[in-house]
Amino acid sequence: MLQGKHIVLGVTGSIAAYKIASLASMLKKQGADITVIMTPNATNFINPITFETLTGNKCLVDTFDRNFQFSVEHVSLAKQTDVFLLAPASANVIAKAAHGLADDMLTTTLLACQCPKIIAPAMNTRMYQNPIVQDNIKTLQHYGMEVITPAVGYLACGDTGEGKMPEPELLYEFILKALYPKDMAGVRVLVTAGPTREKIDPVRYISNHSTGKMGYAIAKAAMMRGGEVTLVSGKTDITPPMGVHTVDVLSAADMAQAVKACAETQDIIIKAAAVADYRPRHTTDEKMKKKDSDLCIELERTEDILGFLGANKREGQFLCGFSMETENMIENSRSKLDKKNLDLIVANNLKEKGAGFGTDTNIVTLLSKEDTLQLPILSKDEVAHRLLDYIMEHR
């Protein structure tokens with residue numbers, strides 16, 4: 001996605017400027033061509049040579065610098081830019097950008113750019129909360145710029161509150177999002193992910209080995225492509241993707257309730273969660289004590305969420321399920337496709353190397369009533385996009 005893309009990083013006078021060096025390095029490693037523009041004040045926090053070493057390009061500060069190939073530089077640079085990220089964005093430069101002021105290399109280039117623009121404010125909490133600054137941020141949003149909500153934490157001034165620039169990893173995600181084609185803009189997508197936990201007593205539960213990686217990759221991919229994504233997730237160790245409405249659940253019953261609450265309004269539903277088929281019929285509020293004899297736990301069926309969705313699918317809604325098998329993968333998955341009234345099922349075999357729970361890769365076969373499409377081993381992010389490609393083509 002970043003190979004050959006031209007990214008401009010605008011750096012202003014904030015202590016958070018040092019973090020942009022890490023971001024520049026991350027982008028460079030992925031093949032991006034990066035130009036860093038600094039305000040004169042920013043050079044008090046980090047030396048331009050740092051950025052020149054990391055990017056291989058001249059770091060621009062002076063609008064009238066004569067040491068470059070002859071052209072109107074802020075205009076020629078603007079024409080070739082794919083994404084402009086202003087981070088950290090000081091209150092001063094936010095005010096200039098909001099009102100079209102262009103009195104240095106950074107603001108003139110920003111004004112000339114017609115590419116996606118992302119602003120990451122970083123300042124003292126009271127400055128950030130000042131109504132004037134908030135009005136300027138709303139003005140930037142009115143003109144189509146994406147403004148990243150600052151993090152909350154300990155600030156360089158000694159205060160604790162909002163105004164902290166997000167970490168480079170999150171800024172990187174915003175750049176990726178800006179580059180993705182928005183073929184899913186306005187499409188409402190519901191994704192389920194992760195395992196469920198079925199309580200035995202306050203200490204023990206029944207669950208499975210799902211980590212949620214595949215479902216989270218799908219939710220993230222749909223968000224990157226402009227979808228309005230709701231993620232209903234069992235307990236995982238994964239940070240939810242930015243821009244995704246996440247509903248945390250624990251048991252199969254919790255997941256059923258959360259899914260039913262929003263299913264009717266969704267255009268696409270992708271059930272990637274590993275939901276328990278059974279739960280203990282009886283649970284206790286106190287820990288069950290160990291005995292010398294064997295223990296038997298009576299189980300009962302949980303609600304078939306996918307079956308409910310198939311039986312209540314509204315016209316125009318696309319329903320996709322997942323099938324994790326250890327034998328007869330195609331036959332068992334096709335049976336599930338038909339029985340549950342699905343439009344598509346994603347089948348994989350737990351015994352295949354590189355597939356299944358906890359891996360960063362997957363090997364899946366997409367099955368519909370008309371098609372069988374076997375994909376090679378891919379990262380789960382790549383699988384997610386290939387799955388969404390298929391769904392968008394056939395919905």
Side-chain angles (χ1 to χ4, degrees), residues 1 180-181 183-184 187-194 208 210-227 229-232 241 259 263 266-275 304-311 313-395:
M1 177 56 64
Y180 269 101
D183 61 328
M184 297 184 72
V187 178
R188 292 160 296 185
V189 185
L190 171 62
V191 181
T192 67
N208 57 63
S210 173
T211 59
K213 286 184 177 182
M214 191 68 252
Y216 275 65
I218 295 168
K220 177 181 173 181
M223 174 275 297
M224 289 283 186
R225 295 165 69 151
V229 184
T230 298
L231 173 64
V232 178
V259 167
Q266 303 301 310
D267 301 308
I268 298 170
I269 300 177
I270 303 174
K271 286 284 283 88
V275 183
D304 186 344
I305 305 173
L306 193 55
F308 171 86
L309 293 172
K313 184 170 59 174
R314 66 169 172 79
E315 184 177 356
Q317 190 176 69
F318 193 101
L319 181 57
C320 173
F322 270 66
S323 176
M324 171 72 77
E325 303 292 341
T326 58
E327 60 180 357
N328 303 322
M329 182 185 77
I330 299 297
E331 295 84 351
N332 291 339
S333 299
R334 280 209 172 276
S335 175
K336 187 175 179 180
L337 175 79
D338 295 333
K339 181 180 178 181
K340 303 197 178 184
N341 191 29
L342 308 181
D343 298 292
L344 182 69
I345 194 162
V346 182
N348 61 352
N349 190 328
L350 184 61
K351 292 183 177 180
E352 278 196 273
K353 186 178 180 180
F357 295 133
T359 63
D360 292 324
T361 59
N362 211 346
I363 305 170
V364 305
T365 300
L366 308 184
L367 300 169
S368 69
K369 291 180 175 63
E370 300 83 17
D371 296 329
T372 299
L373 177 61
Q374 184 173 347
L375 301 182
I377 184 169
L378 298 168
S379 72
K380 288 187 173 175
D381 287 337
E382 291 172 312
V383 171
H385 281 287
R386 292 286 291 272
L387 171 60
L388 293 176
D389 288 343
Y390 184 95
I391 291 173
M392 292 303 293
E393 182 179 347
H394 292 86
R395 63 186 288 262

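In this structure A272 satisfies the side chain to side chain contact (heavy atoms under 4.5 Å, CB included) test together with I218, F322, sequence neighbours excluded. Partners of S335 according to the side chain to side chain donor-acceptor pair (under 3.5 Å) rule, which considers only residues two or more places apart in sequence or in another chain, do not exist here. With sequence neighbours excluded, the residues that form a side chain to side chain donor-acceptor pair (under 3.5 Å) with K340 are D304. Every residue meeting the side chain to side chain donor-acceptor pair (under 3.5 Å) condition with N332, not counting sequence neighbours, appears here in chain and number order: E325. Listed by chain and residue number, T326, N349 satisfy the side chain to side chain contact (heavy atoms under 4.5 Å, CB included) test with K351 (two or more places apart in sequence, or in another chain). Residues that satisfy the salt bridge (Lys or Arg N to Asp or Glu O under 4.0 Å) test with K336, not counting sequence neighbours, are absent from this structure. Taking the side chain to side chain contact (heavy atoms under 4.5 Å, CB included) definition, one finds that T359 meets it with T361, K380, sequence neighbours left out. Under the rule for a side chain to side chain contact (heavy atoms under 4.5 Å, CB included), the partners of I363 that lie at least two apart in sequence or sit in another chain are E352, A355, I377. Applying the salt bridge (Lys or Arg N to Asp or Glu O under 4.0 Å) rule to K220 yields the partners E173; only residues at least two apart in sequence or on another chain are considered. Residues passing the side chain to side chain donor-acceptor pair (under 3.5 Å) test with D381, sequence neighbours excluded: none.
A pairwise comparison of heavy atoms in A219 and L231 identifies CB-CD1, 4.1 Å as the closest pair. Shortest non-hydrogen contact noted between V229 and A222 is CG2-CB, 3.7 Å. Among all heavy-atom pairs drawn from A263 and L309, the shortest one is CB-CD2, 3.7 Å. The nearest pair of heavy atoms linking P241 to M223 is CB-CE, 4.5 Å. Across all their heavy atoms, A217 and A384 have their closest contact at O-CB, 3.5 Å. The minimum heavy-atom distance linking S323 with S333 is given by the pair OG-OG, 2.9 Å.
Residues I268 and L190 form no side-chain contact, since every pair of their non-hydrogen atoms from C-beta on lies 4.5 Å or further apart. Between V364 and M214, every side-chain heavy-atom pair lies at or beyond the 4.5 Å cut-off. Looking at heavy atoms from C-beta onward, L337 lies in side-chain contact with R334 at the 4.5 angstrom threshold. Two residues are said to be in side-chain contact when any heavy atoms from C-beta on lie closer than 4.5 Å; N341 and L319 fail this criterion.
Distance check: M1 CE to M224 CE gives 9.0 Å after rounding to the nearest 0.5 Å. Taking CE of M324 as the start and CG of N348 as the end, the distance is 4.0 Å to the nearest 0.5 Å. Note: L366 CG to L344 CG = 5.5 Å, rounded to the nearest 0.5 Å. Atom CG of residue L373 and atom OG1 of residue T365 lie 8.0 Å apart, to the nearest 0.5 angstrom. Separation of atoms CD1 (I270) and OG1 (T192) is listed at 9.0 Å; rounding is to 0.5 Å. The distance from atom CG of L350 to atom CD of E327, rounded to the nearest 0.5 Å, is 12.0 Å.
Counting heavy atoms of neighbouring residues, nucleotides and ligands inside a 6.0 Å radius, atom NZ of K369 exceeds 12 of them.
Without hydrogens or angle criteria, Q317 side chain to Q266 main chain gives a donor-acceptor distance under 3.5 Å.
Sorted by first then second residue, the ring-ring contact (aromatic ring centres under 6.0 Å, His included) pairs that include residues 345-385, not counting sequence neighbours, are Y180-H385.
Applying the side-chain contact (heavy atoms from CB on, under 4.5 Å) test between C320 and each of L342, D343, I345, L387 identifies L387 as the sole match.
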Output a table of donor-acceptor pairs, distance under 3.5 Å, between side-chain atoms of residues 388-395 and any protein atom two or more places apart or on a different chain; print 'none' if there are none.
unit_1 : atom_1 : unit_2 : atom_2 : d
D389   : OD1    : R225   : NH1    : 3.0
D389   : OD1    : R225   : NH2    : 2.7
Y390   : OH     : S368   : OG     : 3.1
Y390   : OH     : D371   : OD2    : 2.8
H394   : ND1    : Y390   : O      : 2.9

